Amino acid sequence: MTDHTPRPFDVDALPQGLLIGGRWLPATGGATFPVENPATGEPVARVADAGTTDALDALGAAAGAQSRWAATSPGRRSRILRRTHDLLLERREDFAGLITLEMGKSLAEARAEVDYAAGYLRWFAEEAVRVDGTWKVNEDATARVLVMRQPVGPCLLITPWNAPLAMPARKIAPAVAAGCTMVLKPAPQTPLTSIALAAVLIEAGLPAGVLNLVPTTDAAAVSEALMKDSRLRKISFTGSTAVGRLLLAQASANVLRTSMELGGNAPFIVCADADVEAAVDGAMTAKLRNIGEACIAANRFLVHADVAREFTERLVDRMRGLTLGDGTEPGTDLGPLIDRTQRDRVARLVEETVAGGARLHTGGSTPDLPGYFYPPTVLTDVPDGARISREEIFGPVAAIRTFTGDEEALALANATEFGLVAYLYTRDLGRALRMSEGIESGMVGLNRGYVSDPGAPFGGIKHSGAGREGGNSGIDEYLEQKYVAIDTPADAGTRDPQDPS
């Protein structure tokens, strides 16, 4: 039986520097920054703080390693990813403890994130040996058409703080499988898990320069410097739509390949014929996974008027039964939000919504605890146009409004610039198909409060991004197609003598 007894992670055993060309180095000038435990607000480590010079050195290392790495066999790249997968699972408890320490989620959720991240490493280990191309005869048989797929080249990977292991793994794994080198810039709130992952990849055999790591508190300057450099060929970003728009504009100068997984505003639709108990179970998952700090978190609850009372009562009862606390403590259901800024933002959204006429059923006030906690909160009668319905909450707050028909539900669900994910609960197959087709989002959870899967294409439409991560298409974001026209003249005996053309 696995021992799930919490144990502290030895942060001092981690490298504290930048990873450039296979070496852990201090930042130029020796700059560092603190990493906080959001459950206490206290610093737990200091890591090197990269500047633009460091970032360009990292890109130089990636560019220098690119041709050698692209020439490695698919089998070798696959084996490195598989070894990393195995090492990650062997050290599951260590990684879970580290995730909880710097991000705040409970150990149970952190363990699930380790498994999820490992799934991407396994999936793309298998995809590495399946990169293919095509071969065909052209229309008049005077040439052969060869299409090959080759790595894009050096990539900038920018990851958020809310999934400090899964998000780097989801980007690194396809890049490694495709033969791309990388500069990874993790979020400054959670750099330690990325450092630990990089160390494991090196242990698994990843050559020097293939992955370079530049934690920084000056993301804007570092990213801009890298994207102005012609050696960079691609950027993959997960984060807010506002930052994504800025990066897309910067990417245009060098016509970079882009993958953008941006903000969400997920509707959670409960139809009149839904299994209400199952819908509440799904709501707890879709709303509270990652303490509500997830781009795929349910943001707007749209519940048919006929079942709204039952759904609300059941949800409030479940929310009230949750325990807030340090994620390392046994019995903790919800940990803290990432920092004071986010905690205060969620509190203001709730206060503003209640002041606008919404009814508060549970939660709604900041607890007297150290760290950045906010209680599970349920609101109903949310007024039209409320900011809480237009913006990502990124916290454990369920805002409910009602509808009376399918068309109204779809209109409400689609009344947003975002289109990442939606959740739909109904027992009618025809309604399920019609509404799934009518919802404007890249993903739909049908009678399911969770959609992420390494074998599925993760991504959104509209202002929620472009490109997909995971699934059969996930590696395509890191590959270019090259067409080779091979001359085969008719007099070489390749032409059909019965063909009059």
Side-chain angles (χ1 to χ4, degrees), residues 116 119-120 123 155-163 166-171 173-174 187 234-249 251-252 256-269 282 285-287 289-290 292-302 388-395 399 409-424 432 435-446 448-478:
Y116 179 54
Y120 279 100
W123 176 267
C155 304
L156 170 59
L157 312 179
I158 302 178
T159 56
W161 48 261
N162 58 340
M167 293 302 97
R170 195 159 79 182
K171 297 181 189 298
K234 174 183 171 60
I235 176 171
S236 177
F237 170 73
T238 298
S240 73
T241 296
V243 175
R245 291 191 188 105
L246 177 62
L247 292 173
L248 283 167
S252 67
L256 297 176
R257 283 280 297 274
T258 59
S259 302
M260 296 280 157
E261 196 260 283
L262 307 179
N265 189 0
F268 189 103
I269 305 170
T285 299
K287 178 70 263 184
R289 178 174 175 257
N290 229 44
E293 295 175 313
C295 57
I296 59 172
N299 210 60
R300 297 169 292 145
F301 286 83
L302 309 176
I388 204 168
S389 297
R390 292 182 281 109
E391 299 181 6
E392 278 191 293
I393 299 169
F394 248 59
L410 284 175
L412 290 170
N414 294 336
T416 175
E417 64 184 9
F418 301 102
L420 184 59
V421 66
Y423 301 93
L424 173 65
M435 294 187 72
S436 293
E437 291 171 355
I439 290 170
E440 296 172 353
S441 69
M443 300 175 286
V444 178
L446 179 58
R448 181 176 173 84
Y450 182 67
V451 296
S452 296
D453 187 293
F458 187 103
I461 62 174
K462 301 198 290 189
H463 289 201
S464 286
R468 294 295 183 268
E469 294 183 310
N472 300 109
S473 57
I475 200 169
D476 293 342
E477 304 289 340
Y478 295 86

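Just so it is clear, the model here is predicted, and its values are computed rather than measured.
Side-chain contact between L157 and F237 is absent, with no heavy-atom pair separated by less than 4.5 Å. Residues S436 and L424 form a side-chain contact, since some pair of their non-hydrogen atoms from C-beta on lies under 4.5 Å apart. When side chains are defined from C-beta on, S452 counts as touching I296, because their heavy atoms get closer than 4.5 Å. Counting heavy atoms from C-beta on, the side chains of M435 and L410 come closer than 4.5 Å. Two residues are said to be in side-chain contact when any heavy atoms from C-beta on lie closer than 4.5 Å; F458 and R468 fail this criterion.
In terms of heavy-atom proximity, P457 sits nearest to S473 at CB-OG, 3.7 Å. Closest heavy-atom contact between I388 and A399: CG2-CB, 4.1 Å. The two residues Y120 and D453 make their nearest non-hydrogen contact at OH-O, 3.7 Å. Closest approach of A297 and A266 over heavy atoms only: O-CB, 3.4 Å.
Between the N290 side chain and the C295 main chain, no donor and acceptor come within less than 3.5 Å of each other. Not one N or O on the side chain of R289 forms a donor-acceptor pair closer than 3.5 Å with the backbone of Y450. Under a 3.5 Å cut-off, the side chain of N265 and the backbone N or O of S389 do form a donor-acceptor pair. T159 places no side-chain N or O within 3.5 Å of a backbone atom of M167 that could act as its donor or acceptor partner. Between the side chain of S464 and the backbone N or O of G263 there is at least one donor-acceptor pair closer than 3.5 Å. Checking side-chain atoms of N414 against main-chain N and O of E440 turns up a donor-acceptor pair under 3.5 Å. Panel note: side chain N299, backbone G264; no donor-acceptor pair is recorded below 3.5 Å. Between the side chain of R170 and the backbone N or O of G470 there is no donor-acceptor pair closer than 3.5 Å. Formation of a donor-acceptor pair under 3.5 Å by the R300 side chain with backbone atoms of L412 is found in this model. Between the side chain of K462 and the backbone N or O of G419, no donor-acceptor pair lies under 3.5 Å.
A salt bridge does not link E293 with K287: every distance from a Lys NZ or Arg NE/NH1/NH2 to an Asp or Glu carboxylate oxygen is 4.0 Å or more.
Using modelled atom types and a 3.5 Å distance limit, the side chains of K234 and T258 yield no donor-acceptor pair. With no hydrogens or angles considered, a side-chain donor-acceptor pair links T238 and K171 at under 3.5 Å.
Ring orientation note: the planes of F268 and F301 are tilted relative to one another, at an angle of 30° to 60°.
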- Query: Does the pair R390 and T416 meet the rule for a side-chain contact (heavy atoms from CB on, under 4.5 Å), with working shown?
  - Reply: CA-CA 7 Å; R390 292 182 281 109; T416 175; over 6 Å; no
- Message: Apply side-chain contact (heavy atoms from CB on, under 4.5 Å) to residues E392 and L420 and explain how you reach the verdict.
- Response: CA-CA 12 Å; E392 278 191 293; L420 184 59; over 6 Å; no
- Item | Residue pair Y423, M443: steps toward the side-chain contact (heavy atoms from CB on, under 4.5 Å) verdict | CA-CA 9 Å; Y423 301 93; M443 300 175 286; over 6 Å; no
- Message: Please evaluate residues V444 and V421 with respect to the criterion side-chain contact (heavy atoms from CB on, under 4.5 Å), reporting the C-alpha separation (whole Å), side-chain torsions for both, the decisive distance (0.1 Å), and the verdict.
- Response: CA-CA 6 Å; V444 178; V421 66; over 6 Å; no
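Between Y116 and W123, the distance from one ring center to the other does not fall under 6.0 angstrom.
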